[in-house]
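In this chain, residues are counted from 1 in sequence order. For clarity, every value in this text was computed on a predicted model and none was experimentally measured. Heavy-atom basis, side chains included; hydrogens, waters and symmetry copies ignored.
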Amino acid sequence: MFAELEKLGQEDFCYLTTTGRISGHAHTIEIWFALSSATLYMLAGDREKADWVKNIQHTATVTVKIGTSLYSGQGRLVKSPEEDALARQLVADKYVPRSEDDLTDWSRTALPVAIDITARD
């Protein structure tokens with residue numbers, strides 16, 4: 001599973017599906033990500049106000065589609081300063097060179113969220 005994930009790490013985006021905290025329905029977003037082993041890191045520009053972040057805080061179980069591969073995982077807010085720095089660096093290193101926009105503030109102030117992959121579906 002890890003070797004396959006590593007190959008998918010260069011994909012431009014993934015599809016994250018959370019369970020709506022109010023509706024209970026599946027909600028899918030397209031989002032940038034960076035990969036470290038079996039953990040995907042994402043940055044939420046709206047921080048805790050983002051619906052997908054609120055949904056993860058309510059129900060941590062998520063699915064992630066990268067390319068044509070589907071995975072199950074557990075979402076969580078990044079807490080430790082070391083992991084926070086890692087998440088920001090990985091995401092910035094991947095997307096700053098690809099973007100014409102200035103991502104400096106976003107990569108510094110957005111909320112890091114981790115998805116720990118638990119299985120391939």
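Considering only heavy atoms from C-beta on, Leu111 comes within 4.5 Å of Leu77 through its side chain. Between Arg76 and Asp116, the closest side-chain pair of non-hydrogen atoms falls below 4.5 Å. Here the side chains of Tyr41 and Ser36 are in contact, with some heavy-atom distance below 4.5 Å. The closest side-chain heavy-atom distance from Val91 to Asp93 is not below 4.5 Å. Between Val113 and Leu43 the shortest side-chain heavy-atom distance does not fall below 4.5 Å. Residues Leu5 and Leu35 meet the side-chain proximity criterion, which asks for heavy atoms closer than 4.5 Å. Residues Asp51 and Lys54 have side chains in contact (heavy-atom distance under 4.5 Å, counting atoms from C-beta outward).
Of all heavy-atom pairs spanning Ala26 and Thr17, the tightest one is CB-CG2, 3.7 Å. For the pair Ile56 and Gly75, the tightest heavy-atom approach, listed with the atom from each and the gap, is CG2-C, 3.5 Å. Between Ile31 and Trp52, the shortest heavy-atom contact is CD1-CZ2, 3.4 Å. Heavy-atom minimum distance, Val53 versus Ala44: CG2-CB, 3.6 Å. Of all non-hydrogen atoms in Cys14 and Met42, the two that sit nearest each other are SG-CE, 3.6 Å.
Aromatic ring centroids of Tyr95 and Trp32 lie under 6.0 Å apart.
When atom types are taken as modelled, the side chain of Asn55 and the backbone of Arg21 share a donor-acceptor pair closer than 3.5 angstrom. Here the side chain of Arg88 pairs a donor or acceptor atom with the backbone of Ser107 at under 3.5 angstrom. The main-chain N or O of Thr39 is never found under 3.5 Å from a side-chain atom of Ser37 such that the two would form a donor-acceptor pair.
With hydrogens and angles left out, the side-chain atoms of Thr19 and Thr59 include no donor and acceptor closer than 3.5 Å.
With respect to Glu30 and Lys65, no salt bridge is recorded, no charged nitrogen being found less than 4.0 Å from a carboxylate O. In summary, Glu4 and Arg120 engage in a salt bridge, as defined by a charged side-chain N under 4.0 Å from a carboxylate O. Using a 4.0 Å cut-off between a side-chain N of Lys or Arg and a carboxylate O of Asp or Glu, Lys79 and Asp84 do not qualify as a salt bridge.
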Let me see the working for Val64 and Ile66 under side chain to side chain contact (heavy atoms under 4.5 Å, CB included), right down to the final yes or no. CA-CA 6 Å; Val64 178; Ile66 307 172; 3.8 Å; yes
Can you check side chain to side chain contact (heavy atoms under 4.5 Å, CB included) on Leu16 and Thr28, steps first, answer last? CA-CA 5 Å; Leu16 172 68; Thr28 302; over 6 Å; no
What verdict does the side chain to side chain contact (heavy atoms under 4.5 Å, CB included) test give for Thr118 and Gln74, after you've listed the backbone C-alpha separation in whole Å, the side-chain angles of each residue and the deciding distance to 0.1 Å? CA-CA 7 Å; Thr118 55; Gln74 294 292 306; 4.2 Å; yes
Intermediate values then yes/no, side chain to side chain contact (heavy atoms under 4.5 Å, CB included), Ser69 and Leu8: CA-CA 9 Å; Ser69 300; Leu8 296 171; 3.8 Å; yes
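In His27, the NE2 atom is crowded: over 12 heavy atoms of neighbouring residues, nucleotides or ligands sit closer than 6.0 Å.
With rounding to the nearest 0.5 angstrom, the CD1 atom of Ile29 is 11.0 Å from the OH atom of Tyr15.
Geometrically, Lys94 engages Phe33 in a cation-pi contact, judged by NZ or CZ lying under 6.0 Å from the ring centre and within 45° of the ring axis.
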